[in-house]
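Worksheet: the structure to be examined is printed underneath.
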Amino acid sequence: MKINIEVMEERNIFMVEGEVDSFTISNFVQELELLEKISGQKIVLDLSSMKSVNWRGLLILSKKIQEAQERDDDFVLICKDKEIIETLALFTHPRELAFFPTLEDLLES
């Protein structure tokens, strides 16, 4: 599991690749800590290349999303996996999350 960060059109894009499981969860948490350091900027979390994520990873991810929303960060998610979308929406309820199926869809909007 790794997270690549790219700045594109005034957005910080976090691209998650690979699997988040019990072996990689600590690295995942460490990488997500970077979200706090870029607070106040536009953030895109691209999960389209993530192969799988365990429940603990989803719980931690939802917590980081909520923290970003509480700071009023402009936060968008790229994801096609309906289970991940539904789980994150459930964990972050009642706040609405913006999901796009691809990065191209986001940039076009």
Side-chain angles (χ1 to χ4, degrees):
M1 190 291 311
K2 70 177 186 174
I3 296 179
N4 295 314
I5 303 170
E6 183 179 322
V7 177
M8 177 186 244
E9 294 191 18
E10 301 177 8
R11 290 181 169 95
N12 292 285
I13 303 171
F14 285 69
M15 294 175 280
V16 183
E17 297 177 4
E19 299 177 11
V20 178
D21 56 23
S22 57
F23 298 109
T24 60
I25 194 75
S26 60
N27 185 36
F28 185 62
V29 171
Q30 185 179 17
E31 295 281 347
L32 287 178
E33 295 296 326
L34 295 173
L35 291 173
E36 294 175 27
K37 294 180 180 177
I38 61 167
S39 180
Q41 300 177 28
K42 294 181 180 179
I43 300 169
V44 175
L45 188 58
D46 186 350
L47 306 176
S48 60
S49 296
M50 188 167 57
K51 293 180 183 174
S52 66
V53 58
N54 65 8
W55 66 270
R56 190 168 169 222
L58 282 172
L59 190 61
I60 291 167
L61 180 58
S62 66
K63 180 180 177 202
K64 294 300 179 187
I65 290 169
Q66 286 178 323
E67 290 172 358
Q69 288 176 321
E70 289 169 3
R71 293 189 304 264
D72 289 326
D73 290 345
D74 184 359
F75 199 90
V76 177
L77 287 144
I78 306 295
C79 187
K80 293 180 191 176
D81 188 317
K82 290 183 183 184
E83 288 182 24
I84 292 174
I85 292 170
E86 289 172 3
T87 304
L88 288 177
L90 178 66
F91 284 152
T92 57
H93 181 76
R95 295 182 180 219
E96 295 279 326
L97 292 176
F99 286 97
F100 289 86
T102 66
L103 186 56
E104 291 78 28
D105 291 327
L106 170 62
L107 296 176
E108 288 175 8
S109 68

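Bear in mind the structure is a predicted one, so any value in this text is a computation, not a measurement.
Not counting sequence neighbours, the partners of Thr102 by the side chain to side chain donor-acceptor pair (under 3.5 Å) test are Asp105. Looking at residues two or more places apart in sequence or on another chain, you find no side chain to side chain donor-acceptor pair (under 3.5 Å) involving Thr92. Qualifying side chain to side chain donor-acceptor pair (under 3.5 Å) partners for Asp81, counting only residues two or more places apart in sequence or in other chains: none. Annotation: salt bridge (charged side-chain N to carboxylate O under 4.0 Å, His left out) contacts of Arg71 (sequence neighbours excluded): Asp73.
In this structure the side chain of Ile78 reaches within 4.5 angstrom of the side chain of Leu106, judged on heavy atoms. Looking only at side-chain heavy atoms (C-beta outward), Arg11 and Leu107 come within less than 4.5 Å of each other. In this structure, the side chains of Leu97 and Leu45 stay at 4.5 Å or more apart for every pair of heavy atoms. At a threshold of 4.5 Å between non-hydrogen side-chain atoms, the residues Phe99 and Leu88 count as touching.
Nearest heavy-atom pair, Ala98 versus Phe75, reported as atom, atom and distance to 0.1 Å: CB-O, 4.5 Å.
Hydrophobic clustering (side-chain heavy atoms under 4.5 Å, transitive across Ile, Leu, Val, Met, Phe, Trp, Tyr) groups Trp55 together with Val29.
Taking CE of Met1 as the reference point, atom CE of Met50 lies at 9.5 Å (rounded to 0.5 Å). Atoms CD and CD1, on Glu70 and Ile65 in that order, are 12.0 Å from each other to the nearest 0.5 Å. Remark: Arg56 CZ to Phe28 CZ distance equals 11.5 Å, nearest 0.5 Å. Of the inter-residue distances, the one linking Glu86 atom CD with Cys79 atom SG reads 10.5 Å to the nearest 0.5 angstrom. Atoms CG and CG, from Asn12 and Leu34 in turn, are 10.0 Å apart once rounded to the nearest 0.5 Å. Note that the CD1 atom of Ile5 and the CG atom of Asp46 stand 12.5 Å from one another [nearest 0.5 Å].
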List the atom pairs, with distances to 0.1 Å, where a side-chain N or O of residues 14-21 and a protein N or O form a donor-acceptor pair under 3.5 Å, not counting sequence neighbours.
| residue | atom | partner | partner atom | Å |
| --- | --- | --- | --- | --- |
| Glu17 | OE2 | Asn4 | ND2 | 3.1 |
| Asp21 | OD1 | Phe23 | N | 3.0 |
| Asp21 | OD1 | Thr24 | N | 3.1 |
| Asp21 | OD1 | Thr24 | OG1 | 3.2 |

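Between the side chain of Thr87 and the main chain of Ile84, no donor-acceptor pair closer than 3.5 Å is present.
Applying the side chain to side chain donor-acceptor pair (under 3.5 Å) test to residues at least two apart or on different chains, the pairs with a partner in residues 25-34 are Glu33-Lys64.
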